[in-house]
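Whatever order the structure lists ligands and atoms in, that order sets their numbers, starting from 1. What you are looking at is a predicted structure, and each value in this text was computed from that prediction instead of being measured.
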Amino acid sequence: MVEEFGLFIGGHWTIPEHAHRFHTRSPSTGEELGHFVAATTADVGRAVTAAREALPAWRALPAPRRGEILLAAARIFRERKEALGRRVTQEMGKVIAEGLGDVQEAIDFVEYMAGEGRRMAGETVPSELPGKFCMTVRQPKGVVAAITPWNFPTAIPNWKIAAALIAGNTVVFKPASSTSLCGAHVVKVYEDAGLPPGVLNLVTGSGGVVGDALLTDPRVNAISFTGGVETGREVYAKGARGLKSVHLELGGKNPQIVLNDAQQDLALEGLLFGAFGSAGQRCTATSRLILEKGIYREFLEKLVARVERLKVGDPLDPSMEMGPVASEDQERKILGYMEAARKEGDRLLTGGRKLTGGAYDRGYFLAPTVFETTHGHRISKEEIFGPVLAVLRVDDFAEAVRVANDVDYGLSSSIYTRDVNVAYQAVDRLEAGITYVNAPTIGAEVQLPFGGIKNTGNGGREAGSVALEEFTEIKTVFVDYSGRLQKAQIDR
Ligand code: UN1
């Protein structure tokens with residue numbers, strides 16, 4: 001069944017006259033899934049107008065009331081979890097357990113943010129003068145543009161939308177074009193939850209047109225973007241011109257370190273999930289295995305045997321462990337990295353090719369791949385965003401940390417060891433926004449901050465209560481109840 005969606009502007013689904021259309025397809029079967037409008041600059045302008053107009057009433061609504069609407073949305077996400085999870089799997093290709101997980105992460109986050117409506121804390125601090133009260137309160141930034149990727153087509157839009165909404169902002173949402181169906185269904189949930197018209201608007205289409213129009217519209221106050229580092233730089237530069245608040249969540253090159261004393265089977269299961277979950281298409285995916293020399297051969301042998309048994313196929317089939325990669329572009333890019341690895345002399349241990357024959361021929365299926373590489377080679381440094389694991393051999397913990405840190409990214413990291421001292425030293429030294437001990441690089445929970453350092457972003461964090469930093473302005477308030485003019489710094 002092919003679904004059709006227009007733009008959602010000011011509370012109405014609209015298909016502008018003479019609209020250009022595009023569609024999304026399943027990366028596992030090639031079947032068409034949805035038809036959408038390629039919004040023009042003028043359409044985006046109308047969406048921003050709607051968001052502007054809805055702002056005064058929405059920001060005036062007490063935050064706990066806004067929270068009630070978010071809770072209603074969370075309930076609907078829960079009711080539709082099965083159907084939405086299937087759509088994630090159909091449109092993006094991750095296996096069904098992970099498609100459902102994507103929706104669960106949205107539910108968790110929307111519920112969590114609804115609670116924030118009864119907190120949204122500022123601070124009170126003493127004044128240097130008598131009869132004077134000092135405090136801070138949080139106020140919305142205004143109109144927020146949420147520009148989101150295809151790899152978590154339900155969770156990541158909600159990380160941005162729910163946080164922006166609870167803080168009293170209104171939103172124009174642009175999903176990745178290849179997962180527009182998931183994006184449209186997210187918006188429908190909020191519509192059905194009773195969100196007032198104009199508070200959340202949907203503009204589908206390309207980054208070049210729709211993204212650009214959002215970045216250059218002076219009425220957009222804040223941008224929250226998740227995607228690749230090169231696009232991130234452009235988003236930052238364009239936002240800077242308008243002095244907008246820009247939050248960026250970009251790539252990763254996440255290491256899993258396994259030391260000689262690690263519980264090997266645990267480390268192996270974690271690695272398989274971290275490296276090949278979502279076919280490696282997570283910002284948090286494990287793309288480097290850093291192995292201490294004492295267990296190097298033994299661990300690699302087990303790893304290769306296990307990777308060769310991974311079941312790759314129809315992501316809707318619950319017995320499959322990996323589905324296709326998300327698009328032809330993705331496939332080309334990942335095969336390009338395999339080629340680069342071969343050229344640099346990296347040793348292929350397993351995989352390294354497109355899967356063909358039977359149902360594989362209808363989609364973008366790649367074999368889970370492991371290369372032994374040398375630190376400095378391309379696959380040891382660049383984000384691949386696919387099911388390709390680069391293995392690096394190190395002499396000891398100190399070298400493991402040096403190698404782990406010697407990349408341009410710093411999102412997630414993981415270490416497997418039974419030595420608690422070494423584990424904490426890793427927490428101190430690994431240059432990353434997230435460190436896991438005895439757990440894989442993926443699996444962040446919504447009540448904790450999510451984000452990274454270096455080229456992974458520009459300092460902000462999503463999720464957790466600190467997510468509100470990206471979506472609120474701090475107002476400082478002085479109330480002088482002394483009844484006379486008091487002069488700070490002068491009256492002493
Ligand atoms: C991402 O890949 O952009 O920790 C987000 C995880 C998920 C979120 C990943 N909860 O892997």
In T179, D102, V88, the residue satisfying side chain to side chain contact (heavy atoms under 4.5 Å, CB included) with F152 is D102

For ligand 1, the residues whose heavy atoms come within less than 4.0 Å (ordered by chain, then number)
E105, N151, F152, I156, W159, R282, C283, T284, I442, G443, A444, F450

N/O donor-acceptor pairs under 3.5 Å from side chains in residues 239-246, not counting sequence neighbours:
{"unit_1": "K244", "atom_1": "NZ", "unit_2": "D217", "atom_2": "O", "d": "2.6"}
{"unit_1": "K244", "atom_1": "NZ", "unit_2": "V220", "atom_2": "O", "d": "2.9"}
{"unit_1": "S245", "atom_1": "OG", "unit_2": "K141", "atom_2": "NZ", "d": "3.0"}

Taking the six-membered ring for Trp and the full ring for Phe, Tyr or His, determine whether the centres of W150 and F385 are under 6.0 Å apart.
yes

Taking the ring of F5 and the ring of H185, is the distance between their centroids below 6.0 Å?
yes

T226: what forms a side chain to side chain donor-acceptor pair (under 3.5 Å) with it, not counting sequence neighbours?
K160

Output all residues satisfying side chain to side chain contact (heavy atoms under 4.5 Å, CB included) with L316, sequence neighbours left out; order by chain, then residue number.
R86, T89, Q90, I96, D314

